[in-house]
Amino acid sequence: MNKFLSINFTLYTGIALTAILIFLAVFGPFIAPHTITDTLRTSYVDGKIIGPPLEPFMSMDYPLGTDRWGYDLFSMILYGIRYTLVISITITVIKMAAGSFLGLYIGTWRKVPQWIQAFENAWSYIPLFLILFFFLAPISVNSEVNSFVLIFYFIIIASIISIPSIISSVRKKSNEIFKSTFIEAAQTLGASRHRIVWRHVFPQLKESLLIMFILEIVQVIALMGQLALMKIFIGGTIFRPDNNIYLSITKEIAGLVGSARENIYSHTAYILYVPLVLLLIITISFSLLANGLKNHFQSTYQRTPWIKTSFEPKLKPKRKVYAKLKNK
Amino acid sequence: MKILQQVLFIFLLIIFLAAIPSIIEIDPAEKNISWNWSGLGKGIGDFMNEILNGSLGTYQIGNQIRYISDDIFGYFLTSFSILLAGVLSVIVIGLMLGIFLSQLRITRFIHMLLNVLSAIPDFILIIFSLVLAIKIYEVTGVRIIAFSPESGVLNIWFPMVLTAIAPTLYLFKLIAVQYYQTSAEDYIRTAVSKGMGTNYINFQHVYKNIEPFIIAELTKVVSLAIGNLFIIEYLLNVPGITKFIFQSNQFQPVAIGLFSMLLISFIIYMSIRFVLYIFKRGFIYE
């Protein structure tokens, strides 16, 4: 029983959920029962009228229901999920690569210039989604630009503006390690700066950088969601002024949430809940993955508190057994 | 010196942000995005002119053009009170749950709840709280939120709660990790072995050592709260500073709005520092 409890469930659930999401992102459009332009025609089935908006679980053909115009929600999210995942992961790769590269090197400087710190502080004060809002607002709504150009543009700007915060946290970690005695020993032996960074500092940070990577994906999705609430959808917004309708061109999940936001006040709230729940599942699976990895790594280096705290980690440290004890 | 540089950076950043909508435009002929840098100079020039003339300029809301100076005071006060109440409760809840009440059994349960919640992005939490408020109204008939700016308290208190959610989760997580780290230190062992009570240790040893981290993260907490405030004011139609920022793409109101936000966050940062200072003076021996 004890062994059963010490399994890192968080990690395995996270891995399983993420695998499912990636599968859906790759094969989504092939599984989808309808295309995104198919609409449900009003018809009589067994004496009942079936017509849009159809609620979830009412019809086998439209498992998650349709929106007000009869488009299938299930197909919509299957088409959209690849945009959400690919965009967020691309941004994270770019910003983590650039940020950790610069951060590792800046961490080995003896003194960080004052203006860098001042810039970091100033930058962290302004919410990132606001910067993106100003960049995207003039070009996103009813844009004449191809939606791939808009996505590319979003990826570039979102990566650049989030690099400073990554540099800042990697820099602090790298600097902390740079103070250790084994670095001093390496320096005495004549190791160059590059060797110290890649052979001594980076291996110590591998695990925390991996966790940071996964958590940053969630941050990017959160950013896309915040923009979507402001009616800025990644890949372009279609605005129909006659009914005040905002539509996402790419059907990206955060965009679907944003465009269905007004449904919260009506009986068709499920149009909002379907993409919202999926977005929740996406973020939770990445968080679970990150937390599972954290537990996995942390249980190895864990310290024991002297007073009662209410947040003891459940996992026991697994240490390598080099030789068996004889007298137990 | 560092503070001066910081102020300079923020100043430049705000000017740049306010000018972006007039810099970026779509080239209809080539169907591409083009940057028109002349917008930057013109925006700043107009802004300076207005300020030097002693007026704050105008902003557009719907089809109306209004004077910023007529509305700014009320908007400022609304945003300020929401943010102040939000951040103050963040600090109080964070400290209480993180340090002083962390021994109670019920806190353990709250910890679990907060840990789960902190995995969810804040905008999803905001939407869910809206859903919850609407459902409560449907079931019980008790009105929790109102979207009309004239409805007074109803339009204010719910934004306060929502603003506090994300920073609370952030601060709580930070304090929890620090508390765990600190409680493994040798001086805690010494205190325990001398027979001191847990409360005493929490106040005199743990809090004192966690305070620097809290102060270091205070800017982040305030900035998180501001980020949420922007969204909440927009979603709930609160008559706050964001009216200047999201309603129009003009340089003038956006710059004024962002500068007011800066002022608000500075005042709040300082007052929280003051509260923490008073707390330390009152309860903890130096």
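Only this structure's heavy atoms are used, side chains among them; waters, hydrogens and symmetry mates stay out. Sequence lines set the chain letters: A, B, ... in the order given, protein chains first and strands last, and positions in each chain run from 1.
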(message) Can you confirm whether B:F123 sits close enough to A:L279 that some side-chain heavy atom of one is under 4.5 Å from a side-chain heavy atom of the other?
(response) yes
(message) Is B:L262 in contact with chain A via its backbone, its side chain, both, or neither, using a 4.5 Å heavy-atom distance?
(response) both
(request) Give a yes or no on this: more than 12 heavy atoms of other residues, nucleotides or ligands lie within 6.0 Å of atom CD1 of B:I106. (result) no
(request) Check whether more than 12 heavy atoms from other residues, nucleotides or ligands sit under 6.0 Å from atom CZ of A:F152, and answer yes or no. (result) no
(request) Could you grab the distance from atom CZ of B:F230 to atom CD of A:Q226, nearest 0.5 Å is fine? (result) 11.5 Å
(message) To the nearest 0.5 Å, what is the distance between CD1 on B:I10 and CH2 on A:W123?
(response) 11.5 Å
(request) Name the option with the most non-hydrogen atom pairs under 4.5 Å to chain B; the candidates are A:S287, A:A290, A:A228. (result) A:S287
(message) For B:L13 versus A:A122, what's the shortest heavy-atom pair and its separation?
(response) CD2-O, 4.2 Å
(message) Measuring only between side-chain heavy atoms, which start at C-beta, is B:T219 closer than 4.5 Å to A:N121?
(response) no
(request) Would you name the heavy atoms of A:F134 and B:I245 that are closest together and state the gap between them? (result) CZ-CG2, 3.6 Å
(message) To the nearest 0.5 Å, what is the distance between CZ on A:F119 and CG on B:L8?
(response) 12.0 Å
(message) Heavy-atom cut-off 4.5 Å, strictly under: side chain, backbone, both or neither for B:V131 against chain A?
(response) both
(message) Taking CZ in B:F266 as the centre, count heavy atoms belonging to other residues, nucleotides or ligands within less than 6.0 Å. Is the count above 12?
(response) no
(request) Would you mind checking which part of B:S265 comes under 4.5 Å of any heavy atom in chain A, side chain (CB onward), backbone (N, CA, C, O), both or neither? (result) side chain
(request) Please flag which part of A:Y125 lies under 4.5 Å from any non-hydrogen atom of chain B: side chain, backbone, both or neither. (result) both
(message) Run the side chain to side chain contact (heavy atoms under 4.5 Å, CB included) test on A:L229 and B:I126 for me, step by step, so that the C-alpha distance in whole Å, both residues' side-chain angles and the decisive distance to 0.1 Å come before the verdict.
(response) CA-CA 11 Å; A:L229 291 185; B:I126 291 173; 5.6 Å; no
(request) Taking B:S223 for its side chain and A:I126 for its backbone only, find out whether a donor-acceptor pair lies under 3.5 Å. (result) no
(request) Verify the neighbour count for atom OH of B:Y187: are there more than 12 heavy atoms of other residues, nucleotides or ligands below 6.0 Å? (result) yes
(message) How long is the straight-line distance from CZ of B:F128 back to CG of A:L280, given to the nearest 0.5 Å?
(response) 5.0 Å
(message) Can you confirm whether more than 12 heavy atoms, excluding those of A:Q114, are under 6.0 Å from its CD atom?
(response) yes
(message) Nearest 0.5 Å, please: how far is CG in A:L130 from CE in B:M261?
(response) 9.0 Å
(message) Quick check for you: among B:I188, B:L17, B:L12, B:I226, which has the greatest number of heavy-atom pairs under 4.5 Å with chain A?
(response) B:L17
(request) Please indicate whether B:F213 has more than 12 foreign heavy atoms, meaning atoms of other residues, nucleotides or ligands, lying under 6.0 Å from its CZ. (result) no
(request) Please look at A:F286 and chain B and tell me whether the side chain, the backbone, both or neither of the residue comes under 4.5 angstrom of a heavy atom of that chain. (result) neither
(request) Could you give me the CA-CA distance, side-chain angles and deciding distance for A:K231 and B:Y234, then say whether side chain to side chain contact (heavy atoms under 4.5 Å, CB included) is met? (result) CA-CA 11 Å; A:K231 304 296 183 205; B:Y234 177 83; 4.1 Å; yes
(request) Can you measure from CZ (A:F129) to CD1 (B:I231) and round to the nearest 0.5 angstrom? (result) 4.0 Å
(request) Work out which heavy atom in A:T283 is nearest to a heavy atom in B:I124; give both atom names and the distance. (result) OG1-CD1, 4.4 Å
(message) At a 4.5 Å cut-off on heavy atoms, which part of B:L4 comes close to chain A: side chain, backbone, both, or neither?
(response) neither
